[in-house]
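Quick caveat: nothing in here was measured; it's all calculated off a predicted structure.
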Amino acid sequence: LTSIEIPEGVTSIGGSAFSVCSSLTSIEIPEGVTRIGGNAFLYCFSLTSIEIPAGVTSIGDSAFDDCRSLTSIEIPASVTSIGRRAFSGCFSLTSIEIPAGVTSVGNYAFSHCSNLTIYCEASSKPSGWSSDWNYSNSPVVWNCKGNDIADDGNIYYVADNGIRYALKDGEASIVMQSTSLSGSIKIPSAVTYKGTSYSVTSIGDSAFKGCSSLTSIAIPAGVTSIGYEAFYGCSSLTSIEIPVGVTSIGDRAFYNCSRLTIYCEASSKPSGWSSVWNSGNRPVVWGHKISK
């Protein structure tokens, strides 16, 4: 089953209604539906987007749990409750906006959503939201209308090439990416957001961890740090060039990169690189001249 259209007149989608429909890519939910039951779309791995119609008041427990291809979803103002693990494992989801009328959010509602920024119309956590509603500590922007700065002071931005950045004080850091990233990627020297340019200066902890289909990546000269386990498990990556300006590399940055050869512009290991930066002992070519 790849697509389905539900006729007008349906008012409720029951528990587990489309659970494990792993090839379902699209579904149209008609106006008049007021409830999406628990596990309704559980393990719908191929579902990429869904529009929840105005009038829906509740999204049940695990309703979209492990919809790993889901990239966008809009929650209407009519929704008042979001269940436990409702969007858990939606790791391709980069943003979600929670209306002010949502008075209840269950435990782990957004757990394992590694690329998610949560925008909340409320100015602070409502009392009816579980203490573990944001169990994975996704960035949260409160009072999101006209505001895009998360609790940690960063603006989280996904560029046209699918790379996610944290922007602050004129600098951009590459943060954790979706493991679905694949092929060849060129990191730009700067990104522009709302007319402001941010220089790309760092690749954060676990930034490309588990991106097993990533085959090549170009790092710009302005990058000065590569974080802990930044490329851990990039098993298809065959080569990487590290500019001379990189003064810091964290532990196990290239661990489990079984095909990788590392080309370093520096003539020897800089003092700021971890002693276990190359845990796994990948081949290293020092003094490599990087073509500009």
Side-chain angles (χ1 to χ4, degrees), residues 71-72 91-97 110 113-121 134 136-211 214 216-232 234 237 240-250 253-254 264-266 270 272-274 277 290-292:
T71 58
S72 67
F91 53 72
S92 295
L93 198 61
T94 57
S95 68
I96 195 165
E97 189 168 313
F110 304 100
C113 294
S114 54
N115 296 289
L116 184 64
T117 299
I118 304 170
Y119 296 88
C120 302
E121 285 189 7
N134 185 22
S136 298
N137 292 318
S138 293
V140 179
V141 178
W142 296 103
N143 188 26
C144 68
K145 295 299 185 183
N147 176 33
D148 55 6
I149 300 175
D151 282 357
D152 58 9
N154 289 303
I155 296 169
Y156 288 85
Y157 166 65
V158 180
D160 291 341
N161 62 357
I163 301 297
R164 187 169 188 247
Y165 300 90
L167 312 176
K168 188 177 182 180
D169 299 331
E171 295 185 350
S173 175
I174 296 175
V175 291
M176 189 175 287
Q177 309 297 312
S178 169
T179 54
S180 64
L181 279 179
S182 62
S184 180
I185 290 175
K186 183 177 182 179
I187 299 172
S189 59
V191 294
T192 300
Y193 177 75
K194 290 187 175 180
T196 300
S197 180
Y198 296 82
S199 300
V200 178
T201 58
S202 66
I203 297 172
D205 293 345
S206 303
F208 295 97
K209 185 174 182 178
C211 292
L214 186 66
S216 69
I217 190 163
I219 300 173
V223 169
T224 60
S225 67
I226 296 173
Y228 165 86
E229 296 186 349
F231 294 94
Y232 189 116
C234 291
L237 197 61
I240 194 167
E241 296 182 343
I242 302 177
V244 71
V246 174
T247 57
S248 171
I249 298 183
F254 304 99
C264 301
E265 199 169 13
W273 293 18
S274 164
W277 73 278
I290 297 175
S291 57
K292 304 300 182 185

Legend entry - Selection residues 145-163 - residue pairs positive for salt bridge (charged side-chain N to carboxylate O under 4.0 Å, His left out), sequence neighbours left out: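 Non-adjacent pairs meeting salt bridge (charged side-chain N to carboxylate O under 4.0 Å, His left out): Glu97-Lys145, Glu121-Lys145, Asp148-Lys194.
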
So which heavy atom on [X] is nearest to which on [Y], and how close?
{"X": "Ser138", "Y": "Phe110", "answer": "OG-O, 4.4 Å"}
{"X": "Ser114", "Y": "Gln177", "answer": "OG-O, 4.4 Å"}
{"X": "Val191", "Y": "Ala172", "answer": "CG2-CB, 4.0 Å"}
{"X": "Phe208", "Y": "Cys234", "answer": "O-SG, 3.2 Å"}
{"X": "Tyr193", "Y": "Tyr198", "answer": "CB-CE1, 4.0 Å"}
{"X": "Asn161", "Y": "Pro188", "answer": "ND2-CD, 4.4 Å"}

Inset, instruction - Please determine, by modelled atom types, if Ser180 and Ser178 share a side-chain donor-acceptor pair under 3.5 angstrom. - result: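 Yes.
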
Inset, instruction - Tell me yes or no: between the side chains of Ser173 and Ser202, is some donor less than 3.5 Å from an acceptor? - result: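 Indeed, the side chains of Ser173 and Ser202 share at least one donor-acceptor pair under 3.5 Å.
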
Measure the [atom1]-[atom2] distance between [X] and [Y] for me, rounded to the nearest 0.5 Å.
{"X": "Leu167", "Y": "Thr192", "atom1": "CG", "atom2": "OG1", "value": "10.0 Å"}
{"X": "Leu181", "Y": "Ile163", "atom1": "CG", "atom2": "CD1", "value": "5.0 Å"}
{"X": "Ile242", "Y": "Trp277", "atom1": "CD1", "atom2": "CH2", "value": "5.0 Å"}
{"X": "Leu116", "Y": "Leu93", "atom1": "CG", "atom2": "CG", "value": "5.0 Å"}
{"X": "Ser248", "Y": "Ile203", "atom1": "OG", "atom2": "CD1", "value": "11.5 Å"}
{"X": "Asn115", "Y": "Ser95", "atom1": "CG", "atom2": "OG", "value": "11.0 Å"}

Inset, instruction - Please lay out, stage by stage, how Val223 and Val200 fare under the test side-chain contact (heavy atoms from CB on, under 4.5 Å). - result: CA-CA 6 Å; Val223 169; Val200 178; 4.2 Å; yes

Inset, instruction - Compare all side-chain heavy atoms of Leu237 with those of Phe254 and state whether any distance is below 4.5 angstrom. - result: no

Ignoring hydrogens and geometry, is there a side-chain-to-backbone donor-acceptor pair from [X] to [Y] under 3.5 Å?
{"X": "Thr224", "Y": "Thr247", "answer": "no"}
{"X": "Trp142", "Y": "Asn147", "answer": "no"}
{"X": "Asp205", "Y": "Gly227", "answer": "no"}

Inset, instruction - Show the numbers, then the answer: is there a side-chain contact (heavy atoms from CB on, under 4.5 Å) between Trp273 and Ile226? - result: CA-CA 9 Å; Trp273 293 18; Ile226 296 173; over 6 Å; no

Inset, instruction - Apply the test side-chain contact (heavy atoms from CB on, under 4.5 Å) to residues Cys120 and Cys144: give CA-CA distance (whole Å), side-chain angles for both, the deciding distance (0.1 Å), then the verdict. - result: CA-CA 6 Å; Cys120 302; Cys144 68; 5.8 Å; no

